[in-house]
Number of protein chains: 2
Amino acid sequence: MGKPTETRRAEIILGALSAAADLGLGAATTQAIADRVGIGQSTIFRHYKSRDEIFAAAIESIGANMLRALEPYFSGGDSAAVRLKEMIHAQLIFVSNNRGLPRILFSDSLHIDSPILKQNVQRVMRNYSSRVVQLVQEGIEAGEFDKQLDPTETVRYLMMLIQGLLMRWSLFDFNFDLEAEAAPLWDFFSRILKAE
Amino acid sequence: MGKPTETRRAEIILGALSAAADLGLGAATTQAIADRVGIGQSTIFRHYKSRDEIFAAAIESIGANMLRALEPYFSGGDSAAVRLKEMIHAQLIFVSNNRGLPRILFSDSLHIDSPILKQNVQRVMRNYSSRVVQLVQEGIEAGEFDKQLDPTETVRYLMMLIQGLLMRWSLFDFNFDLEAEAAPLWDFFSRILKAE
DNA sequence: TATATTAGCGATTCATTAATCGCTTTTGAG
DNA sequence: CTCAAAAGCGATTAATGAATCGCTAATATA
């Protein structure tokens, strides 16, 4: 036989994300995934019961990776403002290196077909949100940010900004430097945060 | 024979948008569209050469309708701030009544498959953007908004906010009142605009 | 080393769906 | 009123893609 199934499962997730990045989630067929992994189409089903299961696992994986990449900023020694700024930067770098993520975010498979995928994404978003809210709260308490701000609301709008940016990036075929958007985005967003 | 083709073409566009709203763009099959119009699946092709053509026309149509709905705010007699606020409100009302629009915006058909659809959407966005930039410019010149603002940049972020909001709305199955988001969104956004 | 287990494959099945075709029905222009 | 053009339909085609099946080959373990 070939490699042990745990290795293969991980490879299949990578193949699925790679295929989704290039072709879109809908066109990331089991054949396309198998090609990237270097195995036959039918072999996919030795490791996952269905195609949906693959993408459920893929979202799980990429969500966990993103949260892991941002973890340092939720608890470092810098000021809240610096950490928030750098977290946004780190997030855009992460997405730059994981183009499958916006493709999943803006696929109708996510928005319609699969309640499981949707729940996974919503869970990751809630998780992310609650940590960033904490960070904003710290900033408010430290007097760095406007005391009048509602942290939850503020973070919601930050997420909208980032999602809107990713939407644009995906729509324009990834043809601008996403990381370079971090600085101007921060300039804009921090106008809101400014303590009077 | 049945109705004249121009009537049918319009009906098919409505059916396509309705199907896309309910089922997503990918699952809005020619059969689903035909069902809504009340004609046979094959009859669709008497009026449009291909499925893609239908959605190209649908985007064209919905884009034009949206711009028409917003037209009053680009040139009314009120202050720029009031018009901008009301334009955002009107836009959210429009999208509430045209759920096919976010479904199209967040479909992989748009992001991947069809360069034509993509170009149509980009054109509508540019059109929209240039008018809103004008409006912001007026506000700046009238001293209502901060003179330091870059109008183009500012409008880009407004669009990101709105797109992010629509993304959220679609992801949460349209289960919150989109129109009600206009006021808090304005509260947030207008903090940016404030002349010092 | 013997053997049960698991990974892998090619061929096949089954479902879906856009698009075509031949034929029928309706309509409107002359 | 006539008849050509247009609208409509059911059946069919062709392509695609997820999932199944029977078989083979590699591996772990006893």
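So that the names make sense, note that chain A is the first sequence line, chain B the second, and so on, each numbered from 1. The analysis underlying the following values was restricted to heavy atoms, covering all of them including side chains, and did not include hydrogens, waters or symmetry mates.
- Ring geometry for B:Phe174 versus B:Trp169: interplanar angle of 30 to 60°, hence tilted.
- Base engagement by A:Thr43 is indicated by at least one non-hydrogen atom pair under 4.0 Å involving a base atom.
- The phosphate of D:dA18 has OP1 or OP2 within less than 4.0 Å of a side-chain N or O from A:Thr30.
- In this structure, B:Asp35 places its CG atom 11 Å from P of D:dG10, rounding to the nearest Å.
- Atom pair A:Ile33:CD1 and C:dG8:C1' shows a separation of 17 Å (rounding to whole Å applied).
- Crowding of B:Gln134 atom CD: a count of heavy atoms from other residues, nucleotides or ligands under 6.0 Å not exceeding 12.
- In terms of polar N and O atoms assigned as donor or acceptor, the side chain of B:Ser42 comes within less than 3.5 Å of the base of D:dG10 in a complementary pairing.
- DNA chain D lies under 4.0 Å from at least one heavy atom of each of the following residues of residues 48-59 of chain A: A:Ser50, A:Arg51.
- For A:Ile44 and D:dG17, the CD1 to P distance is 14 Å, given to the nearest whole Å.
- In this structure, the CZ atom of A:Arg9 is 14 Å from the C1' atom of C:dT6, given to the nearest Å.
- The pair A:Asp22-A:Arg36 meets the salt-bridge criterion, with a side-chain N (NZ, NE, NH1 or NH2) lying under 4.0 Å from an Asp/Glu carboxylate O.
- Put simply, the side chain of B:Gln31 and the base of C:dA18 share no donor and acceptor less than 3.5 Å apart.
- Residue B:Leu25 contributes atom CG, which lies 15 Å from atom C1' of C:dT17 at whole-angstrom precision.
- Between A:His47 and C:dG8, a side-chain N or O to OP1/OP2 separation shorter than 4.0 Å is present.
- Look at CD on B:Gln41: it is 14 Å from P on D:dT12, rounded to the nearest Å.
- By the 6.0 Å and 45° rule, B:Arg9 stacks over the aromatic ring of B:Tyr48.
- Proximity of a side-chain donor or acceptor of B:Arg99 to a complementary backbone N or O of B:Ala21 within less than 3.5 Å is not detected.
- Note on B:Arg46: every side-chain N or O is 4.0 Å or more away from OP1 and OP2 of D:dC9.
- Distance A:Ile39 CD1 to C:dG10 C1': 14 Å, rounded to the nearest Å.
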side-chain hydrogen bond (donor to acceptor under 3.5 Å, both in side chains) evaluation trace for A:Glu179 with A:Ser96: CA-CA 7 Å; A:Glu179 182 183 350; A:Ser96 284; 5.8 Å; no
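- A salt bridge links A:Arg131 with A:Glu71: the closest approach of a Lys/Arg side-chain nitrogen to an acidic carboxylate oxygen falls below 4.0 angstrom.
- Look at B:Arg8 and you won't find any side-chain N or O under 4.0 angstrom from OP1 or OP2 of D:dA6.
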